A.B. asks: 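Let me give you the structure first, and then I'll get to my questions.
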Amino acid sequence: MAMKSLSFLAVLSLLALTLPLTIASDPSPLQDFCVGVNTPADGVFVNGKFCKDPRAVSADDFFFSGLNKPGNTNNAVRSNVTTVNVNNLGGLNTLGISLVRIDYEPNGQNPPHTHPRASEILVVQQGTLLVGFVSSNQDGNRLFTKTLNVGDVFVFPEGLVHFQFNIGRIPAVAIAALSSQNAGVITIANTVFGSNPPIDPNVLSRAFQLDPNVVRDLQARF
């Protein structure tokens with residue numbers, strides 16, 4: 001009887017160790033590739049996309065051009081994210097990866113945000129960036145931050161709030177890889193103060209310990 005209990009506990013322990021690994025990223029592909037397309041209407045989705053007929057797949061389905069070109073940083077945060085994911089490169093479907101180029105003007109930033117479906121690894125190509133992320137409530141909301149120069153690499157764990165800020169005097173460029181074909185992005189300020197319809201100002205004033213009129217002013221900006 002003791003041996004059976006021990007075996008049962010061993011199985012439970014193995015499941016506890018392996019189950020998180022099975023759900024930690026995009027599903028594994030079941031074939032060589034599944035180039036994502038938006039048709040046919042009666043097709044079967046794989047990771048949110050239809051599979052292109054493998055006989056019609058070509059090298060162009062795995063090709064993207066343009067990351068050598070700076071993005072338009074003429075906006076409020078003075079930065080631009082050029083994304084290469086399954087929505088503009090169908091060959092990424094089921095592969096669990098994507099890529100972005102981020103351009104920053106001096107004092108430009110990629111504001112605090114999260115990726116709900118991916119971890120991120122970033123390398124600086126030009127300039128100097130102040131980067132960081134904040135751990136969860138359970139870990140005490142600790143800030144992990146670093147100043148990065150050309151060639152430096154930093155990792156942002158999945159789901160945690162993180163940011164990058166150009167503290168140099170010249171434009172900065174970074175390339176980042178994400179562990180999802182479509183990582184998603186939630187920009188904190190836009191989500192909280194720019195929701196549609198707006199969140200009741202009384203909710204936000206209590207949450208942020210601000211006067212409701214200040215909250216309404218922030219909502220008007222987003």
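Heavy atoms only: backbone and side chains are in, while hydrogens, waters and symmetry mates are out. If you're wondering where the values come from, they're calculated on a predicted model, not measured in any experiment.
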A.B. asks: Which heavy atom of F165 sits nearest to which heavy atom of N107, and what is that distance?
C.D. replies: CE1-O, 3.2 Å
A.B. asks: Can you tell me if D103 and T73 form a side-chain donor-acceptor pair at under 3.5 Å?
C.D. replies: no
A.B. asks: Any side-chain to backbone donor/acceptor pair from S180 onto A118? Under 3.5 Å, distance only.
C.D. replies: no
A.B. asks: How long is the straight-line distance from CG of L95 back to CZ of F33, given to the nearest 0.5 Å?
C.D. replies: 10.5 Å
A.B. asks: Looking at CG of L204 and CD of Q209, how far apart are the two atoms once the value is rounded to the nearest 0.5 Å?
C.D. replies: 12.0 Å
A.B. asks: Return yes if a side-chain donor-acceptor contact under 3.5 Å exists between N149 and T147, otherwise no.
C.D. replies: no
A.B. asks: For V192 and F222, run side-chain contact (heavy atoms from CB on, under 4.5 Å): C-alpha distance rounded to whole Å, both residues' side-chain angles, the deciding distance at 0.1 Å, then the answer.
C.D. replies: CA-CA 9 Å; V192 173; F222 290 92; over 6 Å; no
A.B. asks: Is there a path of hydrophobic side-chain contacts, each under 4.5 Å between heavy atoms of I, L, V, M, F, W or Y residues, that connects L130 with V173?
C.D. replies: no
A.B. asks: Counting N and O atoms only, with roles assigned by atom type, does the side chain of S79 sit under 3.5 Å from a partner on the main chain of G108, one being a donor and the other an acceptor?
C.D. replies: no
A.B. asks: Return the CD1 to NE2 distance between I188 and H162, rounded to the nearest 0.5 Å.
C.D. replies: 9.5 Å
A.B. asks: Tell me if a side-chain donor or acceptor on S205 pairs with a main-chain N or O of D211 at a distance below 3.5 Å.
C.D. replies: no
A.B. asks: For residues 56-65, pull every pair meeting side-chain hydrogen bond (donor to acceptor under 3.5 Å, both in side chains), keeping only residues two or more places apart or in separate chains.
C.D. replies: K52-D61
A.B. asks: Taking all non-hydrogen atoms of both residues into account, name the closest pair between G168 and P106 and its distance.
C.D. replies: O-CB, 3.7 Å
A.B. asks: Any chance the side chains of H115 and E158 put a donor and an acceptor closer than 3.5 Å?
C.D. replies: no
A.B. asks: Grab the two heavy atoms, one from R78 and one from N75, that are nearest each other, plus how far apart they are.
C.D. replies: N-OD1, 2.8 Å
A.B. asks: Under 4.5 Å between side-chain heavy atoms, counting indirect links through other Ile/Leu/Val/Met/Phe/Trp/Tyr residues: same cluster for V153 and V150 or not?
C.D. replies: no
A.B. asks: Test your reading of the model: is there a side-chain donor-acceptor pair from N88 to the backbone of N85, 3.5 Å cut-off?
C.D. replies: yes
A.B. asks: Under 4.5 Å side-chain heavy-atom separation, chaining through any Ile, Leu, Val, Met, Phe, Trp or Tyr, what else clusters with F133? Say none if it is isolated.
C.D. replies: V81, V100, I102, Y104, L122, V124, L129, V131, F144, L148, F154, F156, L160, L178
A.B. asks: Between N137 and N141, is any side-chain donor less than 3.5 angstrom from a side-chain acceptor?
C.D. replies: yes
A.B. asks: Do you know which two heavy atoms are closest between P201 and P212, and how far apart they sit?
C.D. replies: CB-O, 4.3 Å
A.B. asks: Can you tell me how far the CD atom of Q109 sits from the CD atom of Q164, to the nearest 0.5 Å?
C.D. replies: 9.5 Å
A.B. asks: Is a side-chain N or O of R117 found less than 3.5 angstrom from the main chain of N182, in a donor-acceptor match?
C.D. replies: yes
A.B. asks: With distance as the sole test, does S195 use its side chain to make a donor-acceptor pair with the main-chain N or O of P197 at under 3.5 Å?
C.D. replies: yes
A.B. asks: Can you see whether N202 engages D200 through a side-chain donor-acceptor pair at a distance of less than 3.5 angstrom?
C.D. replies: yes
A.B. asks: With a 4.5 Å cut-off on side-chain heavy-atom distances among I, L, V, M, F, W and Y, is there a chain of contacts connecting L99 to I121?
C.D. replies: yes
A.B. asks: Are V77 and I186 connected, step by step, through hydrophobic side chains (Ile, Leu, Val, Met, Phe, Trp, Tyr) whose heavy atoms are closer than 4.5 Å?
C.D. replies: no
A.B. asks: List the atom of H113, the atom of T187, and the distance in Å for their closest heavy-atom pair.
C.D. replies: CB-CA, 3.8 Å
A.B. asks: What distance separates L89 CG from Q181 CD, expressed to the nearest 0.5 Å?
C.D. replies: 10.5 Å
A.B. asks: Kindly work out whether a path of hydrophobic side-chain contacts (I/L/V/M/F/W/Y, heavy atoms less than 4.5 Å apart) joins I170 to I167.
C.D. replies: no
A.B. asks: Set out, in order, the CA-CA distance, both residues' side-chain angles and the distance that settles side-chain contact (heavy atoms from CB on, under 4.5 Å) for K69 and L67, then state yes or no.
C.D. replies: CA-CA 5 Å; K69 300 175 182 176; L67 283 189; over 6 Å; no
A.B. asks: With rounding to the nearest 0.5 Å, note down the distance linking OG1 in T114 to CZ in F163.
C.D. replies: 14.5 Å
A.B. asks: Please determine, by modelled atom types, if N166 and E105 share a side-chain donor-acceptor pair under 3.5 angstrom.
C.D. replies: no
A.B. asks: With distance as the sole test, does Q126 use its side chain to make a donor-acceptor pair with the main-chain N or O of P171 at under 3.5 Å?
C.D. replies: yes
A.B. asks: Of the non-hydrogen atoms in S98 and L92, which two are nearest, and what is the gap between them?
C.D. replies: CA-CD1, 4.3 Å
